[in-house]
Amino acid sequence: MADKKINLTLKVWRQRGPKEKGEFKTYEAKNVSTDESFLEMLDQVNENLVKKGEDPIVFDHDCREGICGSCGFMINGDAHGPQKSTTVCQLHMRAFKDGEVLTLEPWRATAFPIQKDLMVDRSALDRIVQSGGFITANTGSAQDANSILIPKTKADEAFESATCIGCGACVASCKNAAAHLFTSAKISHLALLPQGEVEAERRALRMVAQMDAEGFGACTSTGACSASCPKDISLTNIARMNREYLKASINRKEESGGGGDG
Ligand code: SF4
Ligand code: FES
């Protein structure tokens, strides 16, 4: 089927640097093929800006295949745009109508400082993972794959949690800028597997503490995070994180009479 061409008006947040004042600027995107991806459309707009000697619009991206978690911004108030379960790099222009006006804004959250235009610093999510999102394994030859038996349902649940790509859309969609969906997905995928059991308590305590230290907000269970998540990470992960955290807190208190996390 032949592609269709559409024209769009873009109102884009432009901000030269983290400490500069930002503002919306209007650009026309003309003759956009409906077969293009959203980022290809922005590439086209940027080529025209460069030809005119203007600064191109800065946005994060890497794989453009929906797997790396680098891309993401708000399109008319929706994280990653209007299409469910889709990253903005996988969003196609056929999702839009000729003549539409689209407002593009970066993720807005205190823990995600704006770097430039649509690009924010999401290293707070990396620091949450660094605080406990791993297992400790002795080095040596690899264990036979079938020597640790894992029920299929558990393996599937762990896999679903592990599909979180760390894009930050859940934070951007939450009115409190909470990172509970992200953190709980990272805690869950290890807590569900035998390899993750050994460090489960320490992991839950440290990752929740780091999430709070980074300045993310409180969870009020509106579900906006899961609804906007391109990987459909379920709210049951948050319930599991709360259980893991409670269990770890009680056990720590009983063991140490109120001592620290060690
Ligand atoms: S939970 Fe979903 S929205 Fe949040 S970081 Fe992971 S993939 Fe992105
Ligand atoms: S660029 Fe990798 S997920 Fe979009």
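Given the structure is predicted, the values throughout are model-derived calculations rather than measurements. Each ligand, and each atom within it, is numbered from 1 in the order the structure gives.
Residue Pro230 approaches ligand 1 through these ligand atoms, each under 4.0 Å from one of its heavy atoms: 3 (S). Against a heavy-atom cut-off of under 4.0 Å, Gly66 is close to the following atoms of ligand 2: 3 (S). Short contacts between ligand 2 and Cys68, defined as distances under 4.0 Å to a heavy atom of the residue, involve ligand atoms 1 (S), 2 (Fe), 3 (S). Atom numbering of ligand 2 starts at 1 in the shown order; those under 4.0 Å from a heavy atom of Asp62 are 1 (S). Proximity to Ile233 (heavy-atom distance under 4.0 Å) selects the following atoms of ligand 1: 1 (S), 2 (Fe). Near Leu181, with a cut-off below 4.0 Å to any heavy atom, the atoms of ligand 1 are 1 (S). The atoms of ligand 2 that sit less than 4.0 Å from any heavy atom of Arg64 are 1 (S), 2 (Fe). Every atom of ligand 1 is numbered from 1 in the order shown, and the set under 4.0 Å from a heavy atom of Gly168 is 5 (S), 8 (Fe). Near Cys63, the atoms of ligand 2 lying under 4.0 angstrom from a non-hydrogen atom of the residue are 1 (S), 2 (Fe), 3 (S). The contact set between ligand 1 and Ala169, taken as ligand atoms under 4.0 Å from a residue heavy atom, comprises 3 (S). Residue Gly166 has at least one heavy-atom neighbour below 4.0 Å for each of these atoms of ligand 1: 5 (S), 6 (Fe).
For the pair Glu100 and Lys97, the salt-bridge criterion is not met [side-chain N within less than 4.0 Å of a carboxylate O]. A salt bridge between Lys116 and Asp121 is absent, with no side-chain N of the basic residue lying under 4.0 Å from a carboxylate O of the acidic one.
Here the protein heavy atom with the shortest distance to atom 2 (Fe) of ligand 1 is Cys229 SG, 2.3 Å. Protein heavy atom nearest atom 7 (S) of ligand 1, with residue, atom name and distance: Ile165 N, 3.4 Å. The nearest protein atom to atom 8 (Fe) of ligand 1, hydrogens excluded, is given as Cys167 SG, 2.4 Å; this is a heavy-atom distance. In terms of protein heavy-atom proximity, atom 3 (S) of ligand 1 is closest to Cys170 N, 3.3 Å. Of the protein's heavy atoms, Gly69 N, 3.3 Å lies nearest to atom 3 (S) of ligand 2. Given atom 6 (Fe) of ligand 1, the protein heavy atom at minimum distance is Cys164 SG, 2.4 Å.
For the pair Ala185 and ligand 1, no heavy-atom separation below 4.0 Å is found.
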| message | Evaluate Glu201 against Lys247 for salt bridge (Lys or Arg N to Asp or Glu O under 4.0 Å), listing each step before the verdict. | response | CA-CA 8 Å; Glu201 282 182 11; Lys247 200 169 67 184; over 6 Å; no
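A distance-only check finds a donor-acceptor pair linking the side chain of Ser37 to the backbone of Glu40 [under 3.5 Å].
Residues Ile128 and Met241 share a single hydrophobic cluster, defined by chaining ILVMFWY side chains whose heavy atoms lie under 4.5 Å apart.
To the nearest 0.5 Å, the span separating CG on Leu91 from CD on Glu36 amounts to 12.0 Å. Atom NE2 of His61 sits about 10.0 Å away from atom CZ of Phe73, to the nearest 0.5 Å. Phe59 contributes atom CZ, which lies 11.5 Å from atom CE of Met119 (distance to the nearest 0.5 angstrom). Put simply, SG on Cys219 and NE2 on His180 are 5.0 Å apart, with the number rounded to the nearest 0.5 Å.
Taking every heavy atom of both residues into account, Ser234 and Ser226 meet most closely at CA-OG, 4.0 Å. Between Gly133 and Met207, the shortest heavy-atom contact is N-SD, 3.5 Å. Across every non-hydrogen atom of Val45 and Ala29, the tightest pair is CG2-CB, 3.9 Å.
Put simply, Cys71 gets within reach of atom 4 (Fe) of ligand 2, with an N, O or S atom under 2.8 Å from it. Residue contacts to atom 4 (Fe) of ligand 2: Cys89 brings an N, O or S atom closer than 2.8 Å.
Only backbone heavy atoms of Ile67 (N, CA, C or O) come within less than 4.0 Å of ligand 2; its side chain stays farther off.
Under the side chain to side chain contact (heavy atoms under 4.5 Å, CB included) rule, His80 has a single partner from Cys229, Pro230, Cys89, Ser228, which is Pro230.
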